[in-house]
Structure formats: C-alpha cells, structure tokens
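Every heavy atom of this structure was used, including side-chain atoms; hydrogens, water molecules and symmetry mates were not.
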Amino acid sequence: MSDLVSIFLHLLLFKLVAPVTFRHHRYDDLVRMLYKVHNECPHITRVYSIGRSVKGRHLYVLEFSDYPGIHEPLEPEVKYVGNMHGNEVLGRELLLQLSEFLCEEFRNRNQRIVRLVEDTRIHIMPSMNPDGYEVAAAAQERDISGYLVGRNNANGVDLNRNFPDLNTYIYYNEKNGGPNHHLPLPDNWKSQVEPETQAVIQWIRSFNFVLSANLHGGAVVANYPYDKSLGHRVRGFRRTANTPTPDDKLFQKLAKIYSYAHGWMHQGWNCGDYFPDGITNGASWYSLSKGMQDFNYLHTNCFEITLELSCDKFPLQGELQREWLGNREALIQFLEQVHQGIKGMVRDENYNNLADAVISVGGINHDVTSG
C-alpha cells in the first residue's frame with residue numbers, strides 16, 4: 001500500500017509542477033503562476049511586490065537566489081522588466097517561461113543554471129503595466145484592433161515617457177562641467193510620475209542593480225542608451241542622431257550578446273526594418289525623452305538595454321513556443337554577462353570596507369560599494 005501511495009504522490013507532484021503552458025496569462029493567472037513557481041522552488045525564490053498600479057494591482061517581482069531576500073557581498077543584482085507597455089505582451093510571457101525554466105533546471109541540477117542562481121540575485125518583473133495589459137487583452141478577446149489599445153497605464157500615460165528627464169542635465173554637465181553619474185532626482189519628482197513609475201524608481205534605488213533589460217515589442221532589435229538625442233529640436237521634432245554614452249562599447253557588446261544568442265535578431269532584417277547586427281543606439285533610431293533605460297544608467301549606474309522582441313505586439317498563442325525557443329538562450333546569456341569585468345572589495349589601510357569609493361570605467365565614474 002505504501003508503494004501505491006508513493007506512486008500516487010509522485011504523479012500528483014508531477015502534475016503540480018507541469019511546465020507553463022504556452023498561452024497568455026491575465027493578471028490572476030500571472031499571480032498564480034508566480035506563486036506556483038515559488039512553491040515548486042521555495043528555497044531559491046521569493047515573490048514580493050514593489051507597489052501597486054493605478055487600479056490597485058500589485059507590481060510583482062519573482063526573485064531567484066540561493067539566499068532569497070538577502071544581498072550577499074560580491075553577488076550582483078540583475079533585473080528583467082516586461083510589459084511596460086500594456087499591449088506589448090511577449091516579454092510578459094517570456095519572463096513567466098524563464099521563471100519556470102530556471103526553477104525546473106535548478107531542480108534538475110543543470111550546472112549552468114545552478115551556478116547562475118547561486119552566484120546571482122535575479123529579479124523578474126513580468127508586468128510593469130498590469131492595468132494596460134488587461135485593456136489590451138480584453139480588446140484582443142473582442143477582436144478589437146488598435147495599435148495603441150492598452151499601451152498606456154490607467155491614467156492614459158506612457159510609462160516609458162514618464163521618468164525624470166536626467167538626459168538634459170548630463171548633456172549640460174558634459175559641456176559645462178558637473179557630475180556624470182548618480183544624477184540626483186528633482187525635488188518634486190514624485191508629483192511628476194505615475195504610481196507604477198514611482199514604484200520602479202523606489203525599487204531601483206533600493207537595490208544595487210548592475211544589469212537590466214526592459215522587454216518590449218513592435219520591432220526585433222536590441223536597443224542601447226542613450227535613447228534621447230543630443231540634437232536640437234527642429235519644428236517640434238527632435239532630430240535623430242547617434243548619441244552614445246561614455247560606455248558605448250560595453251553597451252554595444254551587451255546588445256550583441258542578446259542579438260546573436262537570439263534565434264534571428266542578429267540577422268538584422270526584421271519587421272521591415274534593418275539594424276546591422278540586430279542592435280541600435282536608441283537615439284539613432286528615434287529620440288525618446290524620459291525613458292526608463294536612460295534613467296537607470298544616469299541615476300544608478302545600472303546598465304539597462306531595451307529588447308524589442310516581436311513584430312506583432314500581441315502575438316497569437318500559437319506563436320509563443322517559437323518565440324520562447326528563439327529567446328531562451330539569449331535571456332540566459334544576458335544574465336550571465338553580469339559576471340563579466342572587475343569584481344572585488346575596496347578597503348582602506350586598516351582593511352575596512354569603503355562604501356563611497358569611486359572608480360572610472362569607460363569615461364564615466366562608477367561607485368564601488370562595500371557590498
């Protein structure tokens with residue numbers, strides 16, 4: 001009888017940990033999926049919320065670490081953010097798939113994934129704009145077309161045009177002198193931003209994120225800073241112009257890591273556009289003010305790129321498996337890049353850790369923290 005019970009429990013467990021199905025997940029489904037992964041891998045995951053949307057939906061994050069909830073010295077923090085535009089949904093589904101994949105492969109003792117989880121603190125936010133997603137998903141169910149339906153948050157604001165504009169300050173400082181890192185926020189910044197934006201800003205100020213990617217749709221290309229052109233306005237429009245950061249070579253390398261690990265991004269020809277190597281400087285493509293990737297870099301030194309992952313912003317469910325297979329290796333390789341470069345502790349002559357040390361890398365100053 002005990003053998004039969006054991007077999008029954010094994011079959012029940014197998015059913016409970018079945019892989020994520022390739023389908024779209026509404027908000028309640030997304031929440032259930034995050035907690036499902038946590039329940040499957042409770043010792044290496046943590047679910048937490050960074051705040052709420054306009055409509056009160058939680059902005060959930062799933063963390064992977066060998067010590068969830070704890071920052072370990074010399075263990076870098078990295079994040080993925082999806083679904084910032086509510087109608088660009090592939091990133092949301094890919095991050096749910098990635099969460100399930102990391103959990104399953106860790107349990108299977110895949111040494112590559114075990115090393116990644118044990119040596120990295122990974123934060124995955126499948127949806128930054130759950131309100132916009134619900135609008136877009138409802139429109140899809142009613143077969144209502146519209147390129148922008150659900151793009152913005154519930155207040156009608158484009159969240160990727162809602163961060164404090166630090167580019168203006170850095171361009172001024174580069175010309176006239178002034179700090180080129182950790183630019184401060186304006187005093188009234190909270191009154192200028194939406195609840196989702198405020199939550200993300202407080203999030204990235206709370207963790208020492210080193211590397212990040214923001215997953216979008218509508219094109220297939222890896223986009224790197226600066227997003228805002230240095231060029232002057234001409235008749236109300238901002239002139240498109242390549243506007244590199246002092247860390248341009250590193251940003252290009254990070255973008256190429258993703259594009260060449262991707263199934264077809266590196267080929268360049270996608271969605272009627274052509275991007276050599278599948279990458280582009282954001283401002284060279286089109287100028288964007290108050291975007292999230294420039295804000296990450298200028299306010300916290302976090303290296304963030306924007307991944308445009310699909311021609312169709314709301315792909316059919318039948319396309320999700322192909323998209324996952326095309327992005328899976330790239331998502332893992334990008335996370336692994338956080339371990340490239342210099343890592344160490346900075347101490348004084350008495351071997352005390354220095355929390356305020358600064359080094360210069362690539363022409364920009366970077367803080368070195370003791371943790």
Side-chain angles (χ1 to χ4, degrees), residues 13-50 57-69 75-84 88-110 112-130 133 200 203 207 209 211-217 258 261-262 307 309-310 315 317 320-321 323-336 338:
L13 180 62
F14 179 82
K15 183 177 180 180
L16 290 174
V17 300
V20 174
T21 54
F22 291 100
R23 64 181 179 85
H24 293 290
H25 293 76
R26 298 290 287 261
Y27 176 74
D28 289 342
D29 294 330
L30 180 147
V31 175
R32 280 191 289 266
M33 188 55 61
L34 293 178
Y35 278 98
K36 174 178 176 291
V37 174
H38 171 61
N39 289 335
E40 293 169 1
C41 293
H43 302 299
I44 59 165
T45 63
R46 175 176 70 111
V47 179
Y48 65 96
S49 172
I50 67 166
R57 295 183 174 96
H58 279 286
L59 304 178
Y60 280 115
V61 178
L62 180 63
E63 174 192 336
F64 281 86
S65 170
D66 53 348
Y67 291 97
E75 183 171 282
E77 311 263 0
V78 60
K79 62 182 167 71
Y80 275 136
V81 177
N83 201 206
M84 184 181 198
E88 297 174 13
V89 306
L90 180 59
R92 174 189 182 107
E93 300 307 327
L94 290 177
L95 293 181
L96 289 177
Q97 293 285 350
L98 176 65
S99 300
E100 182 75 12
F101 178 79
L102 291 174
C103 174
E104 288 186 349
E105 294 304 304
F106 186 92
R107 291 175 58 192
N108 291 335
R109 306 310 295 171
N110 178 328
R112 182 186 185 193
I113 301 304
V114 169
R115 284 194 301 271
L116 183 62
V117 171
E118 290 183 346
D119 296 341
T120 322
R121 195 175 179 200
I122 303 166
H123 304 256
I124 297 174
M125 181 191 288
S127 181
M128 182 181 165
N129 186 2
Y133 175 85
V200 168
W203 183 41
F207 293 86
F209 290 116
L211 186 65
S212 174
N214 179 15
L215 281 58
H216 283 247
Y258 199 94
H262 188 277
L307 300 171
L309 297 176
S310 60
Q317 286 191 169
L320 294 180
Q321 184 170 10
E323 293 288 355
W324 165 242
L325 295 176
N327 283 276
R328 182 178 61 191
E329 177 62 22
L331 288 166
I332 298 299
Q333 281 199 30
F334 187 78
L335 291 175
E336 291 173 333
V338 78

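- Scanning both residues, Leu309 and Leu90, for their nearest heavy atoms gives O-CD2, 3.7 Å.
- Side-chain contact between Val61 and Met125: present, with at least one pair of heavy atoms (C-beta onward) separated by less than 4.5 Å.
- Under the 4.0 Å criterion applied to side-chain N and carboxylate O atoms, Arg26 and Asp29 are not assigned as salt-bridge partners.
- Taken from CD in Gln97 to CG in Leu325, the straight-line distance is 9.0 Å, to the nearest 0.5 Å.
- The two residues Tyr80 and Ala330 make their nearest non-hydrogen contact at OH-O, 4.4 Å.
- Counting non-hydrogen atoms of neighbouring residues, nucleotides and ligands closer than 6.0 angstrom, the OH atom of Tyr67 reaches no more than 12 such neighbours.
- In this structure, Met84 CE and Leu215 CG are separated by 12.0 Å, a value rounded to the nearest 0.5 Å.
- Between Arg107 and Cys41, the shortest heavy-atom distance links the atoms CD-SG, 3.5 Å.
- Relative ring orientation between Tyr35 and His38 is described as perpendicular, the plane-to-plane angle rising above 60° on a 0-90° scale split at 30° and 60°.
- Side chains of Leu98 and Asn327 form no contact here, defined as non-hydrogen atoms less than 4.5 Å apart.
- Closest heavy-atom contact between Leu34 and Pro126: CD2-CG, 4.0 Å.
- Stacking of Arg109 on the aromatic ring of Phe106 is recorded, both the 6.0 Å distance cut-off and the 45° axial limit being met.
- For Ser212, the side-chain hydrogen bond (donor to acceptor under 3.5 Å, both in side chains) partners at least two apart in sequence or on another chain are Lys79, Glu304.
- Between Pro68 and Glu63 the shortest heavy-atom distance is CA-OE2, 3.3 Å.
- Contact of the Val200 side chain with the Val81 side chain is not registered, since no non-hydrogen atoms from C-beta on lie closer than 4.5 Å.
- Here the straight-line distance linking atom CG of Leu95 with atom CG of Leu331 works out to 7.0 Å at 0.5 Å rounding.
- Scored by the ring pair (Phe, Tyr, Trp, His ring centres under 6.0 Å) test, Tyr60 finds His58 as partners (sequence neighbours excluded).
- A salt bridge does not link Arg112 to Glu105: none of the charged nitrogens lies less than 4.0 Å from a carboxylate oxygen.
- Going from atom CZ of Arg32 over to atom CG of Asn39 covers 13.0 Å, rounded to the nearest 0.5 Å.
- Each of Gln317, Arg23, His25 was compared with Glu93 under the side-chain hydrogen bond (donor to acceptor under 3.5 Å, both in side chains) criterion, and only His25 meets it.
- One distance of note links CG of Leu335 with CD1 of Ile122; it measures 5.0 Å at 0.5 Å rounding.
- Proximity of Val37 to Leu96: side-chain heavy atoms (C-beta onward) are nowhere separated by under 4.5 Å.
- Nearest heavy atoms, Gly69 versus Arg46: CA-NE, 3.4 Å.
- Glu323 is linked by a side-chain hydrogen bond (donor to acceptor under 3.5 Å, both in side chains) to nothing, counting only residues two or more places apart in sequence or in another chain.
- Side-chain atoms of Leu307 and Phe334, non-hydrogen and from C-beta on, never get closer than 4.5 Å to each other.
- Using a 4.0 Å cut-off between charged side-chain N and carboxylate O, Lys36 and Glu100 make a salt bridge.
- For the pair Asn83 (side chain) and Glu88 (backbone), a donor-acceptor distance under 3.5 Å is present.
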